[in-house]
Amino acid sequence: MPHERQRRTLDAAADVLTPNGRFSTFAYVHAAWTPPARRFATELTARFSTVERSRVVWPNLPPAHVHRAVMPIHTPLPTPTPTRTLPHRRTP
C-alpha cells in the first residue's frame, strides 16, 4: 500500500474511534522486514498510545501476525480564526 494511503487510512481509523477504541489488522510475516511494513508499524505508534504485535499465527497461509492498537491519540483540531462580519450596507 502506498505510504500516503497508509497515512490516510490510519488517520481515518484513529479519528473515528472513541478514546478507548481499538484497531486491529494483520500483516504477513514474510513481508514484515520490508520498508512499507516497517513504516506502517511506525505510523501505528504515531497514532495510538499502545501498539502490540501478536505471535506468528503459523496455521494462517501465509503465516501472519496481528497488530493491535489501542487508545488513539487524537490531535486537537486547529482553532478556527474568528471572522469579522461587516455591517450590511444598503446601496441607493
Side-chain angles (χ1 to χ4, degrees):
M1 179 184 299
H3 184 220
E4 189 54 37
R5 187 178 299 164
Q6 282 181 350
R7 294 181 69 196
R8 286 192 318 261
T9 301
L10 290 174
D11 284 343
D15 286 346
V16 298
L17 291 172
T18 64
N20 290 326
R22 297 171 182 265
F23 174 79
S24 297
T25 188
F26 69 92
Y28 296 122
V29 173
H30 69 274
W33 61 272
T34 64
R38 291 193 319 244
R39 185 176 53 239
F40 182 77
T42 300
E43 294 288 349
L44 277 174
T45 60
R47 288 166 180 77
F48 291 89
S49 298
T50 304
V51 177
E52 299 173 343
R53 191 169 83 179
S54 73
R55 294 183 297 187
V56 175
V57 181
W58 292 106
N60 193 72
L61 292 176
H65 57 260
V66 178
H67 291 284
R68 293 183 191 102
V70 184
M71 296 185 297
I73 300 168
H74 292 284
T75 55
L77 295 173
T79 306
T81 306
T83 58
R84 189 175 74 184
T85 304
L86 299 174
H88 180 70
R89 296 177 89 190
R90 289 186 173 199
T91 57

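- To the nearest 0.5 Å, atom CZ of residue R8 and atom NE2 of residue H3 are 11.0 Å apart.
- Taking both residues in full, the closest heavy atoms of S24 and V66 are given as CB-CG1, 4.4 Å, listed atom of the first, atom of the second, then distance.
- For H65, the ring-ring contact (aromatic ring centres under 6.0 Å, His included) test picks out H67, with sequence neighbours left out.
- In terms of modelled atom types and a separation under 3.5 Å, the side chain of R68 and the main chain of V51 share no donor-acceptor contact.
- The number of heavy-atom neighbours closer than 6.0 Å to CZ of R39, taken from other residues, nucleotides and ligands shown, is above 12.
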Q. Does the pair F23 and L17 meet the rule for a side chain to side chain contact (heavy atoms under 4.5 Å, CB included), with working shown?
A. CA-CA 8 Å; F23 174 79; L17 291 172; 4.1 Å; yes
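- For the side chain to side chain donor-acceptor pair (under 3.5 Å) condition, the pairs that include at least one residue of residues 45-62, sequence neighbours left out, are D11-R47, E43-R47.
- Contact of the N20 side chain with the M71 side chain is registered, since non-hydrogen atoms from C-beta on lie closer than 4.5 Å.
- Pairing each heavy atom of A31 with each of A37, the nearest pair is O-CB, 3.2 Å.
- Q6 approaches F40 most closely through the heavy-atom pair NE2-CB, 3.7 Å.
- Contacts of Y28 classified as ring-ring contact (aromatic ring centres under 6.0 Å, His included), with partners at least two apart in sequence or in another chain: F26, H30.
- For P72 against A14, the heavy-atom pair with the smallest separation is CB-O, 3.7 Å.
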